[in-house]
Engineer: 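Can you keep this structure in mind? I'll have questions shortly.
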2 protein chains.
Amino acid sequence: MDALASLPRPAEGRGAAALAEVLARAILSGHWQPGDLFPRELDLCQHFEASRNRVRNALGELSAAGLIERTAGRGTVVRDIVDWHLLDPQMSGWMASLDAPHPQLVEAVFAFRLAAEPYIGELAALNASGDDLARIERAFDGMQETADAASQRLAHAEHDVAFHDAIYRASHNLVWRQMGLLLRPSIVALIQRSQRHAGSSTDGHTDDAADGHARGLGDSLERHRQLLEAIRLRQPEQARRATELLLERTARDLDKTLPASGITTPAPRRV
Amino acid sequence: MDALASLPRPAEGRGAAALAEVLARAILSGHWQPGDLFPRELDLCQHFEASRNRVRNALGELSAAGLIERTAGRGTVVRDIVDWHLLDPQMSGWMASLDAPHPQLVEAVFAFRLAAEPYIGELAALNASGDDLARIERAFDGMQETADAASQRLAHAEHDVAFHDAIYRASHNLVWRQMGLLLRPSIVALIQRSQRHAGSSTDGHTDDAADGHARGLGDSLERHRQLLEAIRLRQPEQARRATELLLERTARDLDKTLPASGITTPAPRRV
DNA sequence: CTATAGTTAATGTCAGACATTTTGGGCAAG
DNA sequence: CTTGCCCAAAATGTCTGACATTAACTATAG
């Protein structure tokens, strides 16, 4: 079968980046199996009406992200999901714009957050500077302003991502900081799930999913506030606890069951 | 000043990858300050006797790694260290081949290992498959065989990296697994430090650095063995403890002071 | 002094040819 | 029938030269 035929042209932009995004989304959607041969350069040129140079640049981006492997003479093959560079920021961007990210991926990312974020919250409480705090507060204010209208859910998700990313940054560790982008796909998945729930019941009565969502959102906001407050007051213990409660709330929204206990971090040090 | 003049040509290989490595190492060595203008494409073509196409491909790799930022009309600027994609596998390769990696980087990576690896050890003890165990054992055997001769230190380091990477893989979590490559620069830095120590005293007496290194290496090997054993026997608690002891040993070799306590992980769950 | 059009210099793209690597088939010697 | 070699096909990698696009600077009219 010609797997190429069903691929859309880049919606906007005539650059290599736009082309790369289309191809990346196709791979991330499972359009090819790992090990499958990817279309040849010339076929891509023909289908997308692009020069070989642009196609090659796009393929170069995919290769840098670990999505494909190219070898002269043999061709281009799609790599297995375990070889993808999940922590490449570009991957986060591609995944966030996806309708249905790999469940395996959402699972892995959330497991990571569950283990790491309480500790990162502690680090943030110990190390957050004034700039960090300002960034976190700005994101929180944005979440508050976009909490009411259902039409602003995407904007709300962006502020949510910014909130957590700011906390990663506040850890003041180069490695942990890099992982802040990881949660964008996770949070976007959450939003889309709640949107689907809300869309499935439109009667607007008291106990429907939409109201449940609204109530859950208020609760979530309150838990964010407590985490922010703990970081401001330099209380690592409470920041850890607040993060755990926040993740518990998120887990419920994702219909996940929590493990018996999370990670505890007695005494990280200030850097 | 012409910062280009002092850059060497690629030692081997005439491809874009070789060129990218030379440029990446220069940036990682602090050859430019963040915000500095990077040489123009045509200058690079002239200096390296390369076509513009190859130069552009090399610059594309650097851009994908977050080392530089390119904008049409303005030029290419070197990005700040906090924007580098430390978790890009290609970065690990470049950093590992470096004489003196950024101290700030080694610091951050080790702080991360200190916090995360005990937990990862637990995960590995819970989830390691037969293949995982075989991989870990193979790496351990390699470490044993190369433990005696000083000439095999590089090989020993490779097996050391493989050992820890295998444990990351055994966590069976897509995210944690990705971070296995992070420790390559860290371990290489350790090796080079011990090599420097050994080189500074050549009398060969009882208490000199070389003997200290040999004794330390035997001790390190034993701690690796205990971690391997804990993983094999599916004992998460002991795996965590063994990892902590191993990191303590590593910290001593890096002349670092340990924080009062590491991270503890009561009950991660099996995936 | 300001707004605007032109100039310059850098990166981005296009087009075609050639180089290199891998794979497979044909064919002859054993 | 198997083995070894050579050659051709197919794919990616590279070279070259031209043009397109973008961003900063400059001069100039108002």
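Here is how names work: the chains are called A, B, and so on, in the same order as the sequence lines, proteins then strands, and each is numbered from 1. Any value given below was found using the heavy atoms of this structure, including those in side chains, with hydrogens, waters and symmetry copies removed.
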Engineer: Over how many whole Å does the gap from A/L19 atom CG to C/dC14 atom C1' extend?
Structural biologist: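 Rounded to whole Å, this separation is 14 Å.
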
Engineer: Does A/T76 put a side-chain nitrogen or oxygen below 4.0 Å from OP1 or OP2 of D/dT12?
Structural biologist: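 True: A/T76 side-chain N/O within range (under 4.0 Å) of D/dT12 OP1/OP2.
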
Engineer: Please state whether the phosphate of D/dA10, meaning OP1 or OP2, lies under 4.0 angstrom from any side-chain nitrogen or oxygen of A/R40.
Structural biologist: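 For D/dA10, OP1/OP2 do not have a side-chain N/O of A/R40 under 4.0 Å.
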
Engineer: Taking CZ from A/F38 and C1' from D/dA10, how many angstroms apart are they, rounded to a whole number?
Structural biologist: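 Roughly 18 Å, once rounded to whole Å.
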
Engineer: From CG of B/L59 over to C1' of C/dT11, roughly how many Å is that when rounded to an integer?
Structural biologist: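 Rounding to the nearest Å, CG of B/L59 and C1' of C/dT11 are 10 Å apart.
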
Engineer: Rounded to whole angstrom units, what separation is found between the CD atom of A/E41 and the C1' atom of C/dT21?
Structural biologist: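 Whole-Å distance recorded here is 14 Å.
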
Engineer: Does A/R74 make a side-chain N or O approach to OP1 or OP2 of D/dA11 shorter than 4.0 Å?
Structural biologist: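 For A/R74, the contact criterion (side-chain N or O under 4.0 Å from OP1 or OP2 of D/dA11) is not met.
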
Engineer: Tell me: CZ of A/R70 to C1' of C/dT22, nearest whole Å?
Structural biologist: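 Value for this atom pair: 15 Å.
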
Engineer: Keeping the roles fixed (side chain from A/W84, backbone from A/R79), state whether a donor-acceptor pair exists under 3.5 Å.
Structural biologist: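 Yes; judged by distance alone, with no hydrogens or angles, the pair exists.
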
Engineer: Measuring centre to centre across the rings, with the benzene-like ring taken for any Trp, is B/H224 within less than 6.0 Å of B/H164?
Structural biologist: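 Yes, close enough.
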
Engineer: Can a salt bridge be assigned to the pair A/R54 and A/E41 using a cut-off of 4.0 Å between side-chain N and carboxylate O?
Structural biologist: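 A/E41 and A/R54: not salt-bridged.
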
Engineer: Take nucleotides 14-19 of chain D nucleotide by nucleotide from the 5' end and write B, S or -, depending on whether a protein heavy atom sits under 4.0 Å from the base, only from the sugar-phosphate, or from neither.
Structural biologist: BBB-B-

Engineer: Look only at the side chain of A/N173 and the backbone of A/W176, and say whether a donor-acceptor pair between them is shorter than 3.5 Å.
Structural biologist: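 Here the side-chain-to-backbone pair exists.
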
Engineer: In whole angstrom, what separates B/L37's CG from D/dA23's P?
Structural biologist: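 Rounding to the nearest Å, CG of B/L37 and P of D/dA23 are 15 Å apart.
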
Engineer: Would you please classify the geometry between the A/F163 ring and the A/F140 ring as parallel, tilted or perpendicular, with 30° and 60° separating the classes?
Structural biologist: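 Taking A/F163 first and then A/F140, their aromatic rings sit tilted (interplane angle of 30° to 60°).
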
Engineer: Quick one: pull up CG in A/L154 and CD in A/E158 and give me the separation to the nearest 0.5 Å.
Structural biologist: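 Answer for the CG-CD pair, A/L154 versus A/E158, is 7.5 Å.
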
Engineer: Which comes earlier along DNA chain C counting from the 5' end, the contact point of A/G73 or that of B/G75, where each point is its nearest nucleotide?
Structural biologist: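 Per heavy-atom nearest nucleotide, the more 5' residue is B/G75.
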
